[in-house]
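Beneath this line is the structure, given in structure tokens, with notes to follow.
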Number of protein chains: 2
Amino acid sequence: MARERSGGRVATREVVLASVRLFTENGFDATTMDGIAAATGVSRRSLFRRFGSKEDILFAEHDELFSTVVRYLEASPDDPLSSVFAAARLVLQGYLGDPEITVPRYRLVRAHPRLRDREVAMTARYQAAFSRFLADREGGDGGGERSLAAGVAAASLISAHNHVLRSWLRSPEQDRREVWASFDAAMEFVRRAAEPMLRAEEGAARERVLVAVYPGGIGRDELIRRVTAAVEGAGGA
Amino acid sequence: MARERSGGRVATREVVLASVRLFTENGFDATTMDGIAAATGVSRRSLFRRFGSKEDILFAEHDELFSTVVRYLEASPDDPLSSVFAAARLVLQGYLGDPEITVPRYRLVRAHPRLRDREVAMTARYQAAFSRFLADREGGDGGGERSLAAGVAAASLISAHNHVLRSWLRSPEQDRREVWASFDAAMEFVRRAAEPMLRAEEGAARERVLVAVYPGGIGRDELIRRVTAAVEGAGGA
DNA sequence: CCCTATTCTGGCACTGGATGCCACAGAAAG
DNA sequence: CTTTCTGTGGCATCCAGTGCCAGAATAGGG
């Protein structure tokens, strides 16, 4: 079913939509790159060049969304926590706004462990980006405590976001306002947990105990070096 | 370098160690299954049968650890939160106790995106297991709020665990006591955030606000139906 | 001890994802 | 029009992964 050869390059979105249809109808494994090439009019070789792999076709739109979110985050003027909340909102919006791809993809992902891993890797990319953003933007020293708090806050945020997202993906016909209400509730839930976490580092001097165990023979400088390393490693509590 | 044919089945661990060595020396992609077969004396076909894939050889030990942790979790009599902390301790112990595999694997994972995704998928499995465990064991109704709290708590725990784990993997020569001190500190950090989260559902009736937006024309029953659906969806805040 | 059923293993052939190489078409630049 | 650059398709090749089958090893029953 070679498409009209008249025009130039076939749009990415067209290829993705056709591929999603083929995957859904024939199964992911049973769909070959030759089949996609035949269905879209793009040569097998060009498919690999443009998308990288068969899986990447399915997640091409998602990669774009990720870039958008990261760019948005870098340009965000708000306080760090509000910025990542807004970024998460953008991600959910990306899913809700493109159900033609995201919903059947979710069904495929649920059925295929390999695709599920790929999806998980995507959310991990968000988590890493959010974590780094929070660690960079939040004040405090450069110690490990900050990156611990940032990492945990980002993980919480992603988890809450995915909780709402999955709920919608399972029944995409539900009212959007309910979805957004759930999202707001989830973000509020995370904010209550994450805000004191990130604030904690500012008053980090109080209410902390350092426990050091070390051989009796070592010198003073060596002891200090070790303690410094340990504290920088993860921040004692 | 075919191994002595005298004995029976070559142990899994031997195959993994040999493979890790080959991956490290020649690169993951440059190492073929034929190469591993030649180096271990196990036929190419049996390698696929026993491990599933080339990547799975690298993570075989990790899969075992995962099963151990899950079994431990199921048999754990402690309160749920302490149980998952203990389980996380078990995971870290699994890494620290097998540096011959875990350390070079970390180097490979860092260098190769595909392996990184695989590693991320492993941690996601832990996160899902912990989340389900918390959701099942913690009291409260069966609503979405509980699974939200459980998911966020599990995500926080995994993130904190990985924070400590990565710190050790980057410099595995550091004192183990420092690692465990960091771990304890990180767990304490998570406990402070997660405990109120999970408790919150018990006194869930207080301090909550319901915001409903709806068209003016709908009837009373329809309004109640929608509100009920929204609250069940993710628990308003 | 022998014969049988089950399981594990290895060899073989084959599919299909993925990559390198090269030739060619179209657009942009001179 | 010529040159250059970029994107494309065809071709050959590599190698992970799978189905099939035959043979070895192991267990079990008489």
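Numbers restart at 1 for each chain; the letters A, B, ... are given by sequence-line order, proteins then strands. Below, each value reflects all heavy atoms present in this structure, side chains not excepted, and no hydrogens, waters or symmetry copies.
Aromatic ring pairs are classed by plane angle as parallel below 30°, tilted from 30° to 60° and perpendicular above 60°; the pair F28(B) and F23(B) is tilted.
With DNA chain D read from its 5' end, the first of the two nearest nucleotides for R114(A) and A30(B) is the one closest to A30(B). For the pair R44(B) and G52(A), both in contact range of DNA chain C, the more 5′-proximal nearest nucleotide belongs to R44(B).
Taking 3.5 Å as the limit, the base of dG19(D) and the side chain of R45(B) contain a donor-acceptor pair of atoms between them. Put simply, the side chain of R49(A) and the base of dG9(D) share a donor and an acceptor less than 3.5 Å apart.
Here dG17(C) is the nucleotide among dG9(D), dA16(D), dG17(C) with the atom lying nearest to any side-chain atom of F48(A). Among the nucleotides dG10(C), dG9(D), dG7(D), the one closest to any side-chain atom of V42(B) is dG10(C).
Put simply, CZ on R50(B) is 18 Å from C1' on dT18(D), counting in whole angstrom units. Rounded to a whole Å, the CG atom of D34(A) is 7 Å from the P atom of dG17(C). R9(A) places its CZ atom 14 Å from the C1' atom of dA27(C), with the value rounded to the nearest Å. Per the geometry, CE belonging to M33(B) stands 9 Å off C1' belonging to dG17(D), to the nearest Å. Atom CZ of F23(A) is separated from atom P of dG16(C) by 14 Å (rounded to the nearest Å). Distance NZ (K54(A)) to C1' (dA16(D)): 13 Å, rounded to an integer number of Å. Summarising the geometry, the separation between CG on L22(A) and C1' on dG17(C) is reported as 16 Å, rounded to the nearest angstrom. Note: CZ (F51(B)) to P (dT9(C)) measures 10 Å, nearest angstrom.
One finds no salt bridge joining D184(A) and R191(A) here, because no Lys/Arg side-chain nitrogen approaches an Asp/Glu carboxylate oxygen to under 4.0 Å.
Shown here for R176(A) and L96(A), the closest heavy-atom pair between the two residues is NH1-O, 3.3 Å.
Residue T32(B) has no polar side-chain atom (N or O) positioned under 4.0 Å from OP1 or OP2 of dC15(D). Distances shorter than 4.0 Å separate none of the side-chain N or O atoms of S53(B) from OP1 or OP2 on dA16(D). Side-chain N/O atoms of S43(A) include one lying less than 4.0 angstrom from OP1 or OP2 on dG9(D).
For H62(B) and Y126(B), the ring centers are positioned less than 6.0 Å apart.
By the neighbour-count criterion of 12 heavy atoms within 6.0 Å, atom CZ of R13(B) is densely surrounded, having more than that number from other residues, nucleotides or ligands.
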